[in-house]
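Each chain gets a letter, A, B and so on, in the order the sequences are listed, and its residues count up from 1.
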Amino acid sequence: MAEVSLSGVNKFYGTAQALHGITLGIADGEFAVFVGPSGCGKSTLLRAIAGLEDISQGAISIGNRNVTTLAPSDRDVAMVFQSYALYPHMTVRENMEFGMKVNNVPAPDRAARVSEAARILQLDPYLDRKPAHLSGGQRQRVAIGRAIVKKPAVFLFDEPLSNLDAKLRVQMRVELEALHRDLKATMIYVTHDQVEAMTMADKIVVLNAGRIEQVGSPMDLYHRPATEFVAGFIGAPAMNFLDMTNHTGNIALGDTTLPVSAATGATRLGIRPEHITLLPAGQGDLAATVTLRETLGGDAYLYLRTTHGQPLVVRADGDTPLNHGEAVGLALPAHRLHQFGPDGRTLRSGDAH
Amino acid sequence: MAEVSLSGVNKFYGTAQALHGITLGIADGEFAVFVGPSGCGKSTLLRAIAGLEDISQGAISIGNRNVTTLAPSDRDVAMVFQSYALYPHMTVRENMEFGMKVNNVPAPDRAARVSEAARILQLDPYLDRKPAHLSGGQRQRVAIGRAIVKKPAVFLFDEPLSNLDAKLRVQMRVELEALHRDLKATMIYVTHDQVEAMTMADKIVVLNAGRIEQVGSPMDLYHRPATEFVAGFIGAPAMNFLDMTNHTGNIALGDTTLPVSAATGATRLGIRPEHITLLPAGQGDLAATVTLRETLGGDAYLYLRTTHGQPLVVRADGDTPLNHGEAVGLALPAHRLHQFGPDGRTLRSGDAH
Amino acid sequence: WTLEEAAKPYAGTELEVLFLDRPGYKAAIEMIPEFEAATGIKINQTTVPYENALGEQVRDFVAGGDLDIALIDLVWIGNFAENGWIVPIDQFTADPALADPELDMADFFPLVVNAFGGWNGTTYGLPFDNYSGLLFYNSCMLKDAGFDKPPETWAELKDVYGPALTKDGKYAFALQSKRNETQSADSFARMLWPFGGSFLNAEFKSNLNSPESQAGLQFRQDLMQYMPEGIVAYDHSEAVNGLAQGDVAMLTEWSAFYSTLASPETSTLGDCLAVAPEPKGPAGRKPALGGFSLAVASQADDAEKAAGWLFIQWITSKANAGKYLEMGGVPARQSAYADPALAETYKFIPALVESWKEGVPEFRPRFAEWPAITEIVQEWGTKMMLGEVSVDEGAKTIGEKMEAVLAEAGYYDGKKPLAQ
Amino acid sequence: MAAPLQRRSLLGEGILLVVICAFCVFPFYWMVTTSLKTQVVALQSPPAWIFSPTLANYWEVLFEDKVGVSLLNSIIVATATTSLAVLLGCPAAYALARFEFRGKTDLWFWFITNRFVSPVVLAFPVFLISRDLGIRDTHLALILMYLTFTLPIVIWICTDQFRSIPHELDEAAMLEGASQWRIFRSICLPLAMPGVAVSSILSFIFSWNELLFAYILAPKVAKTAPAMAVTFMEGYDVPYGKIMATSTLIVIPVLIFALLASKHLVRGLTMGAVK
Amino acid sequence: MTTRVSRATLGAFLGPAVAALVIVGIAPLLFALWKSFHYFNLTKLAQQRFVGLENYAAVLTDTVFWQAMGRTALLFVMSVPVQIIFGLSIALVLHRPGLTLFKTLARLSLVLPMATTYAVVGLLAQVMLNQKYGVINQMLGWLGVDPINFIGDPTNAFLAVVIWDIWQWTPFVALVLLAGLSTVPPEIEEAAKLETKSNWVVLRHVQLPYLIPSLVAVLILRTADTLKLFDMPFTMTRGGPGSATEFIAVLIERVGNRQFDIGMAAAQSIIMLALTIVLARLYIRFFYREVR
Ligand SMILES: Nc1ncnc2c1ncn2[C@@H]1O[C@H](COP(=O)(O)OP(=O)(O)OP(=O)(O)O)[C@@H](O)[C@H]1O
Ligand SMILES: Nc1ncnc2c1ncn2[C@@H]1O[C@H](COP(=O)(O)OP(=O)(O)OP(=O)(O)O)[C@@H](O)[C@H]1O
Ligand SMILES: [Mg+2]
Ligand SMILES: [Mg+2]
């Protein structure tokens, strides 16, 4: 039983408030991911759960135990830091053993747990090396190993992969997913990597300026973002936003009216680059000109400007012949549209209410 | 005239060889990107061009001038570092002016160049701030500004965006592309980010263990990788590789034979995740089972296992109903197949020779 | 002969001399402008701690520095004379242009001029800042304990006054014994002589283990029970302060401390302050003897030498003695104390005059080896007092080390005359 | 909801801090109060905590005993030697931190070794030499001798500081055509300020307080304040009030100097790496 | 990372400092070395002569010298560990977050003891530790302790020097160690805090390895300074009572400046210098291991 729940957590740094009344529940065994722009309070929240930051108000409980005032070491959590935070003067084995040693775990038990973790993480050949003699990915694995041997109720990760290069990141991501499946432990993971958030999370928590913007499964957030902020934040490349007006009940973009009913009070229209269909010039809902093409291999991103002067990104096939200066038509499928009010709240996603 | 050319460049650190006979030409105004796994020598090569590392053998010329033995400052290059390397005690303006001051550029000229760079990079409001009071993106822009005011023949970038968060990275990438268009300067860019490499480069140089693996345009590398290494390195998620045999002239995967002719001596078959078509179970060239689904929003990655026990990744639509345990059929289009020899060299890409 | 006339050739000469921060020098400093006005000779005096005065001068003389007048503690005279750093006075007294007809060498206390300024039969300096050991006491405390006069002998001090005055956190006596020159001059030697002891015998071997010397040193040990705890750390200031604050009833101290003990700014004694000569021992009074003479430095050039002599002669002159006394100095001129009325103002005068009648010049040997020997005495003398070594052993150790120094210096192989 | 547990530990910490402050400040406080006492009060038993303060001691030492002059001498000597040490030491530290050459560790160690030499060893030879050069009793003699312990401190601390400055900054400047000297002066030196500041404070403190060289090499004209303070310690009559007044006057400039630079104090003291 | 530069550049950066130290440091030292082979007494210059290693032989067999060395060593082993323990404790308290204002004040007050003139510290000790009018004894009296004769008793006087040395140098040690603590990456400390509540464990296993350079620096400096310690005991006790506080530098000063035996003092100094250098080398060799 290791569900984590926070209620009304406030955190002040001096007079600046870093967390605003965070109330959140994470179920036992769940993989929760905190995302949000830099400085939004992700790390602060994670560290509050770990007990590394005192909170100013509110309560935190882990596995039904109120841990608000407990020392970090009494909370039964393990944390993996972005910088790995390995003890540089200890070997890999000593790094992993350290926590158990200070908590008087008997030696045979220690050895067993270390070799189990080393097996899972394929660290056997490196057990007697110092961290300085390991590659980044190996160091990250040691950091994870150090968390595993602790058998904590909750794993906390603060951007654990962001110091690794792209290939390694993918590999480690998959390893972490496998680990989560194996251990079935509750994991809380901070990242600003789209792909990590979307692929790993059971539940994504989007933070913005110290407040929870939305909590939900990845596909929830993708399809039904609660706010324009979430809509823009989740998904890469980011959703396109266009200023819209209500023209006799339908959505109007400048002088073009779409055959889609406008939600009451909606002022902004959103649609994802991958949901726009490219058509020959003159067809579709909207006309635009290509300003830039970025080819990624299988895909290409076309940067367009609509006739009303609004910029748009569209994902196209990598082989698309379209290039700078060419005119195109765009289809905006009604069930892919999102409408937002002036306060940034989503008024309607798709064609349903 | 600022083409860069290297011939037979070797670099030793003690007895370890970091660069092996690098011969490479980069045309005037070209945007060249060095990619490769960590430790392959990208930075070393870049720094050798800058003159920050002496080379052990070989010659480097910039704009037809042999610069092999020249001091860094005499090579007419500017470099942007991953860590920005801004002078923390100087304001943005002073940072940009420093090099010109050192070179006795007259004050009015300095002011003009700084304001020009500030305009291009939208740094006007920050000219009198110290770097510590800037955000990451702004700092990176200052670092670029410092390079721009120098009006160098060649710009060198060493992973300039990797300290920025995802959103900022995209934004800065687009800005850099625009900058390259405007300045028409030769740029050499080191990255390990797929997207950056593919979208920005006129020419990608793939390095592996201190050797050039392949040089070519992004789409060249994507469609016609010279080696299995390049094929696996370029494109995300990475290309799938399957062990193949030659069965009466055709490609055979285990006991399944594809209706595609095998290249002589080919032992490995490659196909990109985005090029495999999913079909209902029983159809297509190959049968497989889903082992994991990762959903990214618009896309999903399906991790499959073929009936021969080989793992495969397939890119599917984000809404795909397929899930863990389900059986599928796969079509492997002949013109998307790559065949590799036992030495890792590509024997055939697509159906043409 | 007038000073003005004699000084005419030397007007504008500047003289360098070291002074100490003591009353006699303050008096001299006040008088100097008069001399400068009369002669046009400029006196540049630098005040240094006693601790540094020897080193300062030795280095200056060795290095051929700029001191023109030497300030000589009586224990340094042998050193300075043997090294040829100072000029005998007869060079000047023989020169009618320089010698004041009123000089009257006989007017100096013979003991003083001999001890402070003379070495091996030659006179080098004139006594300038002069001390004798005196017994200062708190007459009120003595009265309260039933004594109307101070002890006459050391034995009386210890056996009669000691027990009577040591009570209620007050002590009968203090003997400043800190490990520096105080230990050897004010503590060790003070107890040696009255009991008939001495540092050296006629052969220049240690006399410290003679029965007389041992008796004296043992007496010091026995007397400690009537002294404040930690007396081994007492320097002059602590001891004087003990008497001044009424914590100690009697104190043997230099005459120069009279002004400190008499001044209400530094002392609570007021009229209770009384002065007597030091008590007598079996061998007589033999009070502590100390003081400084001024001599012309041989490194000075001729004009400086002449001017220096004129200054020394002037500051120690019969004519100036009264003024010097008035300003807090202690002149060595017998004539200065002739006026019995003075004894009213300066209570220490009778005792001082009495003391200078019977003292020993070699109270501390004055040869060049003294700086080395005093260090030995300081170390082992304090150890002795602390009981870290017995009196006998301590004396033996000092003796051995002392003899080693003397042997090194060549006294035993006839290279040097046995002068102390 | 700050936990009671944490409150209690904060309270304990606060008390501890007060104790630390008291431990450091009390002797200083006693020195200052003693300087405001007359001799009788200063030697009073039991010691007086409350008394009517007098500035007489200050008056005396400043205007009668020329402590003012000696303070001036001290300021000249300490400032000059500190400046000189920084001037000579910083480039050397930079070279030790940045350049590659043979015997670097040994050179570093030799620099540091000078800090170990007791002034007792050097004082006398220097006395003779300075006499021959005619610089005895001048500020110059002291300034030069004080280099023997200020320069090593500057080099020690600053080498470490320079080493902690990212090398990329040098490289960036190098690419812009800056000479090594220019890089040192315009880039690294400003960034090593914490180290420069701390080593300056320490140099200043050490040379300001130095006694042995001072009293052998500068007996008179160039006499410094500590030498002046022990002048009063005559042995015959120890005027504690005057000594403490002088001491207070001596400590105050150092204190001002130290407080001014105190924000660098900790960052600059990482005298780590030996290599 | 280091840069290869031309000899001229190297000379320009290092030359002045090297030259300065050669002139002010090496030249007098050579003079002292030369004189150490002579009988050279300032008051007996006529007897000056070359005596070879005689002075060294005399020093090495001189019990007074070795006693002074022993005393100095005792002072070192009594005061430096306390300075390190106190200094470390203070550093640890100041290193913890919170109570910023207090901590700034405490840090500033740490400057006071080390800024106080050493000679004055000895005088101050006389005033404060005096058995009769000393404030320390007054305070002990409040606690019901009888007045202690600090300066007059050999053992107490030695202890007084130890205590005073601790007072004066603990703050310096604290500041250096505080700087050392600031080099511990915060995440590493946090990682350890997640494992244990014990500050001791964190200190011992995590912070200490980072502190080693600072500790070695402290050891080197304190060793050198203890061997050089002169001003404070000189003004406080002048080496007494007896020879209870005659430390090696006090002894050498006495031999050189008061007995004027420059040759002997030079020999003593050079032995002491050699010892310091050897000790410093040993510290570096044994304690200084790479942390990074
Ligand atoms: N020790 C601190 N003192 C004062 N403010 C702080 C402190 N630590 C964090 N903050 C502030 O609290 C806010 C949240 O910071 P936090 O580190 O949690 O952001 P984050 O979401 O983790 O950002 P990033 O993605 O850059 O890691 C920021 O505005 C930051 O400036
Ligand atoms: N100063 C050095 N001394 C010794 N070896 C070095 C040095 N610098 C780099 N190397 C080695 O040279 C090889 C190439 O390093 P380089 O830094 O160029 O790699 P990279 O491709 O830039 O890697 P990354 O993506 O991690 O930055 C590596 O094996 C590295 O260990
Ligand atoms: Mg964070
Ligand atoms: Mg690199």
* Gap between atom CG of D:Leu175 and atom CG of B:Asp74 - 0.5 Å precision -> 11.0 Å

* Does B:Met90 reach the side chain of D:Ile187, with side-chain heavy atoms less than 4.5 Å apart? -> yes

* **Residues of residues 100-120 of chain B within contact distance of chain D, non-hydrogen under 4.5 Å** => B:Lys101, B:Val102, B:Asn103

* **Residues forming a salt bridge (charged side-chain N to carboxylate O under 4.0 Å, His left out) with B:Glu159, sequence neighbours excluded** => none

* Please step through side chain to side chain contact (heavy atoms under 4.5 Å, CB included) for the pair D:Glu171 and B:Arg47, ending with a clear verdict. => CA-CA 10 Å; D:Glu171 294 182 339; B:Arg47 292 164 53 81; 2.5 Å; yes

* **Residue pairs passing the salt bridge (Lys or Arg N to Asp or Glu O under 4.0 Å) test where at least one lies in residues 128-137 of chain B, sequence neighbours excluded** => B:Arg93-B:Asp128

* **Pairs touching residues 183-196 of chain D that satisfy side-chain hydrogen bond (donor to acceptor under 3.5 Å, both in side chains), sequence neighbours left out** => D:Arg182-D:Ser186

* pair B:His89-D:Met193: side-chain heavy atoms closer than 4.5 Å -> no

* Option in B:Ser73, B:Gly99, B:Pro72, B:Gly51 with maximal non-hydrogen atom pairs under 4.5 Å from chain D -> B:Ser73

* Considering only heavy atoms, which portion of B:Leu86 lies under 4.5 Å from any heavy atom of chain D: side chain, backbone, both, or neither? -> backbone

* Asked: Heavy-atom distance under 4.5 Å to chain D: side chain of B:Arg75, backbone, both or neither?
  -> neither

* Where is the tightest heavy-atom contact between D:Leu169 and B:Tyr87, given as atom of each residue plus distance? -> O-CE2, 3.7 Å

* To do: Can you measure from CD (D:Glu168) to CG (B:Asp158) and round to the nearest 0.5 angstrom?
  => 8.5 Å

